[in-house]
Amino acid sequence: MKTGRWSRAARMRLGTAAVAVAALVLSVQQAPAVGAVPGPVAHYSGLTSAQRANLLGIARDTWKFYGADVDPATNLPMDNITFAGGSATPTSYGRYTSAANIGVYLWAVVAASDLGLISRPQARSKIQATLDEVSHLQRYDGFLYQWYDTTTGDVIRNPGDINCASETTPTFDNCFFLSNVDNGWYASGLIVVRQAMPELKGLVDSLMAPMNFGIFYDARAETHCNTNPAITGNQPTGQMYGGYYVGLPPDQNDNWMHYYHNGALYSDPRISAYIGMGLRQMPGNVWWRSWRELPPPAPFPDCQSTDPDFSWQGQWPMPGSWQTYTDPQSGQQFPVWEGHYVYPGSALSFIPTYSGGMFEGLMPNLVVPETSWGPHSFGLADQRTVQVQMTYATQQLHYPVWGMSPSSTPDDSGGYAGYGVEGLTFPYYGAGANASHPNEGLSQCHGCATEDVVTPHASFIALDVAPQQAYANIQALRSRYPGVYGADGFFDAVNPTTGAVGHRDLVLDQSMIMAALDNALNDRALQRDFAADPVSWAARTYLGMETMSLG
């Protein structure tokens, strides 16, 4: 079994082994009736007039980035631009793009229109030009491949690599790979546009019509255990695959060995679950079969020796219990491990992300109203993630700022790395922890990221759940590290100890900033766009019916 998440074409796999554990308490929680869902998107408040004016100024500067970022040859957003040494003009361009880059660029244009930075006709023209180009890109069932050259629109294997036209036989590389999470973000951009600019609905519908998120769903037989040992590889069926290789489906030959699962639901691939269920292309099983935390063996005798051993993770055994939920569509019952981690020395409970990064947890909340619809589920988890980030960075690492998330490296090398709150400074004794020697990591994977870089986008995506704290951190970043702010807004990364800056802007991260500012300054505008779309019924229903063990 392979399980994990896909982030910027880098795979993270979680190991498995057999383990027997003590019997666990199984409690029952009845799901509300279908239709008993949360109300509309809650109104946003928490910022003063002066703070709002300051943030609007940041949005105005950030929007300037897109003037250089969109490739004039194709109207596609480039992955990144570097301003080496803090140059006022670009020194190099990342002339490639992905499904995610295109989707979040659509957010950014809608946000710029909402914020009055461009007129509605200008926004419509920009979006139409990009979507017209997308309609001519090579796709599979409407989905976009991993990488495209923005100068030609051709599919490429990797940035700076071969044109995929030279590969005519399907193989397990990016020429044939469709990323689940990247296409989820692409679809989210289309959905936002469909509601924000109804005049483009026909174009959006034509792009979405061929999509079937069902190709990313492992529909093989399930058991009441976490995995199905009857299937080769002891697979966690009912979850999403990290992607799909065109011409090499997972159910043929030994292709399954090249596939992995997006098994952790508290990570950015859950955008595809919201949309796949919302389009009725994935069943509710994907919600219940995916893991909030990497679970102990399911509470049935036959699962104890076959379910994966996750005792290697940051905190084990973790507090929690098994809850039984009834799916509102099928009526099928599912055992779900509702556990949590605890910040050492406190009562702060939270759900860990794989490597402790901020956008892994909070990025979906930029478009899906988790704060409003999931006050006892992922909306609460988002709040706790920010609290952990603030507490750990300031009290344990003694940084003057917080916000760790995958980003550029704090230099001009063009590097990209994973950064997150892992709890590396707390004691850690590896697998087999006990009361005398607890593992006190704050992420599921200990040692999969480092804690020496802060990225501005983390503060902006926290504005929705912690307005004052996030705003203060944004101001602290700008005042303490003046080199992190340029003519196009914030650069992507800073080392809070040395002050070294990565003078690079990523369209992904800049667009998260634009989306967050639109939500903060326009009463959660992008969330409201998503909420207005028919696809949102699934997010509204499933977020509202779950109660996590976070107190």
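Bear in mind that the values here come from a model prediction, so they are computed numbers and not experimental data.
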Practice item. Would you check if I58 and R478 make a side-chain contact, meaning some heavy-atom pair closer than 4.5 Å? Key: yes
**Study point:** Nearest heavy-atom neighbours spanning P456 and D492
**Key:** CD-O, 3.4 Å
Revision key, fill the gap. The reported gap from CG in L380 to CG in L543 (rounded to nearest 0.5 angstrom) is 12.0 Å
Check your understanding: So, N101 and D79: side-chain donor and acceptor under 3.5 Å apart, yes or no?
Key -> yes
Practice item. Assess whether side chain to side chain contact (heavy atoms under 4.5 Å, CB included) is satisfied between L526 and L366, documenting all intermediate values. Key: CA-CA 7 Å; L526 291 191; L366 290 170; 6.0 Å; no
Revision key, fill the gap. Value for OG1 (T391) from CG (L397), rounded to nearest 0.5 Å, stands at 11.5 Å
Exercise for review: Measure across S459 and W402 and return the closest heavy-atom pair with its distance rounded to 0.1 Å.
Suggested key: OG-O, 4.0 Å
Review point. Is any side-chain heavy atom of H340 closer than 4.5 Å to a side-chain heavy atom of M318?
Key: no
Point to revise | Side-chain H-bond candidate by donor/acceptor type, E222 with N285, under 3.5 Å | key: yes
Check your understanding: Is there a donor in the side chain of W373 and an acceptor in the side chain of S536, or the other way round, less than 3.5 Å apart?
Key -> no
Exercise for review: Go through the side-chain N and O atoms of W287 and E546 and say whether any donor and acceptor fall under 3.5 Å apart.
Suggested key: yes
Practice item. Check whether any side-chain N or O of D327 sits under 3.5 Å from a backbone N or O of S330 as a donor-acceptor pair, and report yes or no. Key: yes
**Study point:** Closest contact, heavy atoms only, A476 versus V401
**Key:** CB-CG1, 3.8 Å
Review point. More than 12 heavy atoms of other residues, nucleotides or ligands under 6.0 Å from CZ of R480: is that the case?
Key: no
Practice item. Compare all side-chain heavy atoms of W185 with those of L508 and state whether any distance is below 4.5 angstrom. Key: no
Review point. Quick check, are the ring centers of F426 and Y392 under 6.0 angstrom apart?
Key: yes
Exercise for review: Check the pair Q51, Q475 against side chain to side chain donor-acceptor pair (under 3.5 Å), reporting the backbone distance first and the verdict last.
Suggested key: CA-CA 10 Å; Q51 290 170 337; Q475 291 297 92; over 6 Å; no
**Study point:** Trace of the side chain to side chain contact (heavy atoms under 4.5 Å, CB included) decision for M240 with V286
**Key:** CA-CA 7 Å; M240 294 185 295; V286 72; 3.4 Å; yes
Practice item. Evaluate the ring planes of H224 and F300, with Trp represented by its six-membered ring, and classify them as parallel (under 30°), tilted (30 to 60°) or perpendicular (over 60°). Key: parallel
Exercise for review: State, yes or no, whether a side-chain contact exists between T237 and I231 at a heavy-atom distance under 4.5 Å.
Suggested key: yes
Check your understanding: Judged by modelled atom types alone, do N234 and T227 share a side-chain donor-acceptor pair under 3.5 Å?
Key -> yes
Exercise for review: Verify side chain to side chain contact (heavy atoms under 4.5 Å, CB included) between W312 and H446, making sure each step is shown before the conclusion.
Suggested key: CA-CA 9 Å; W312 51 263; H446 200 266; over 6 Å; no
Exercise for review: Report yes if some heavy atom in the side chain of Y186 is under 4.5 Å from a heavy atom in the side chain of S98; otherwise report no.
Suggested key: no
Review point. Closest heavy-atom contact between R384 and G551?
Key: NH2-O, 4.1 Å
Exercise for review: Ignoring hydrogens and angles, tell me if any N or O in the side chain of N473 forms a donor-acceptor pair with the backbone of Q469 under 3.5 Å.
Suggested key: no
Practice item. For the pair Q239 (side chain) and L265 (backbone), establish whether a donor and an acceptor sit closer than 3.5 Å, ignoring hydrogens and angles. Key: no
Exercise for review: Take W256 and D251, measure what side chain to side chain donor-acceptor pair (under 3.5 Å) needs, and give me the verdict at the end.
Suggested key: CA-CA 7 Å; W256 67 271; D251 59 349; over 6 Å; no
**Study point:** Minimum heavy-atom distance P364-S267, with the two atoms named
**Key:** CG-O, 4.4 Å
Exercise for review: Consider only side-chain N and O atoms of S272 and N180, and report whether a donor and an acceptor are under 3.5 Å apart.
Suggested key: yes
Review point. Is the Y354 to Y266 ring centre distance short of 6.0 Å?
Key: no
Practice item. Give a yes or no answer on whether the side chain of N495 reaches the backbone of T498 with a donor-acceptor pair at less than 3.5 Å. Key: yes
Point to revise | Quiz item: cation-pi between R270 and F378, 6.0 Å / 45° | key: yes
Check your understanding: Just checking, is any N or O donor in the side chain of T385 or Q383 under 3.5 Å from an acceptor N or O on the other one?
Key -> no
Review point. How many angstroms lie between atom CG of L294 and atom CD of Q313, to the nearest 0.5 angstrom?
Key: 4.5 Å
Review point. Would you say W537's side chain and G278's backbone share a donor-acceptor pair under 3.5 angstrom?
Key: yes
Practice item. Looking only at non-hydrogen atoms, find the nearest pair between A298 and C225 and report the distance. Key: CB-CA, 3.9 Å
Review point. Taking the side chain from E451 and the backbone from L424, do they hold a donor-acceptor pair closer than 3.5 Å?
Key: yes
Review point. Is the Y259 to Y241 ring centre distance short of 6.0 Å?
Key: yes
Check your understanding: Rounded to the nearest 0.5 Å, how far apart are CD1 of I275 and CD of Q281?
Key -> 10.0 Å
**Study point:** Salt bridge flag under 4.0 Å for residues R524 and D464
**Key:** yes
Practice item. Would you check, one step at a time, whether the test side chain to side chain contact (heavy atoms under 4.5 Å, CB included) holds for V336 with R289? Key: CA-CA 7 Å; V336 175; R289 294 284 297 175; over 6 Å; no
Check your understanding: Do you see a donor-acceptor pair shorter than 3.5 Å between the side chains of S407 and H457?
Key -> no
Exercise for review: Using only heavy-atom distances, determine whether the side chains of N365 and T371 contain a donor-acceptor pair under 3.5 Å.
Suggested key: yes
Practice item. Nearest 0.5 Å please: distance from the OG atom of S355 over to the CD atom of E360. Key: 4.0 Å
Review point. Under 3.5 Å, is there a donor-acceptor pair between the side chain of T62 and the main chain of G489?
Key: no
Check your understanding: Are any side-chain N or O atoms of D218 and backbone N or O atoms of G238, one a donor and one an acceptor, separated by less than 3.5 Å?
Key -> no
Check your understanding: Does any non-hydrogen side-chain atom of I351 lie less than 4.5 Å from one of E293?
Key -> yes
Review point. Any idea how F172 and H258 line up, ring-wise: parallel (<30°), tilted (30 to 60°), or perpendicular (>60°)?
Key: parallel
Exercise for review: Side-chain contact test, heavy atoms from C-beta onward, threshold under 4.5 Å: evaluate it for L506 versus S408 and give yes or no.
Suggested key: yes
Practice item. Please answer whether the main-chain N or O of V367 pairs with a side-chain N or O of Q527 as donor and acceptor at a distance below 3.5 Å. Key: no
Point to revise | Minimum side-chain heavy-atom gap F216-P269 below 4.5 Å | key: no
Practice item. Measure from the ring center of Y325 to the ring center of F334 and say whether it is less than 6.0 Å. Key: no
Point to revise | Ring centres under 6.0 angstrom apart (F213, F143) | key: yes
Exercise for review: Please check if any side-chain donor atom of D182 sits under 3.5 Å from a side-chain acceptor atom of Q146, or the reverse.
Suggested key: yes
Study note, to complete from the structure: H376 meets the side chain to side chain donor-acceptor pair (under 3.5 Å) criterion, sequence neighbours left out, with none
**Study point:** Backbone N/O of E440 and side chain of Q315: donor-acceptor pair under 3.5 Å
**Key:** no
Exercise for review: Report yes or no: do Y542 and Q329 form a side-chain donor-acceptor pair below 3.5 Å?
Suggested key: yes
Practice item. Would you mind telling me which of Y341, W291, W316 makes a side chain to side chain contact (heavy atoms under 4.5 Å, CB included) with Q444? Key: Y341
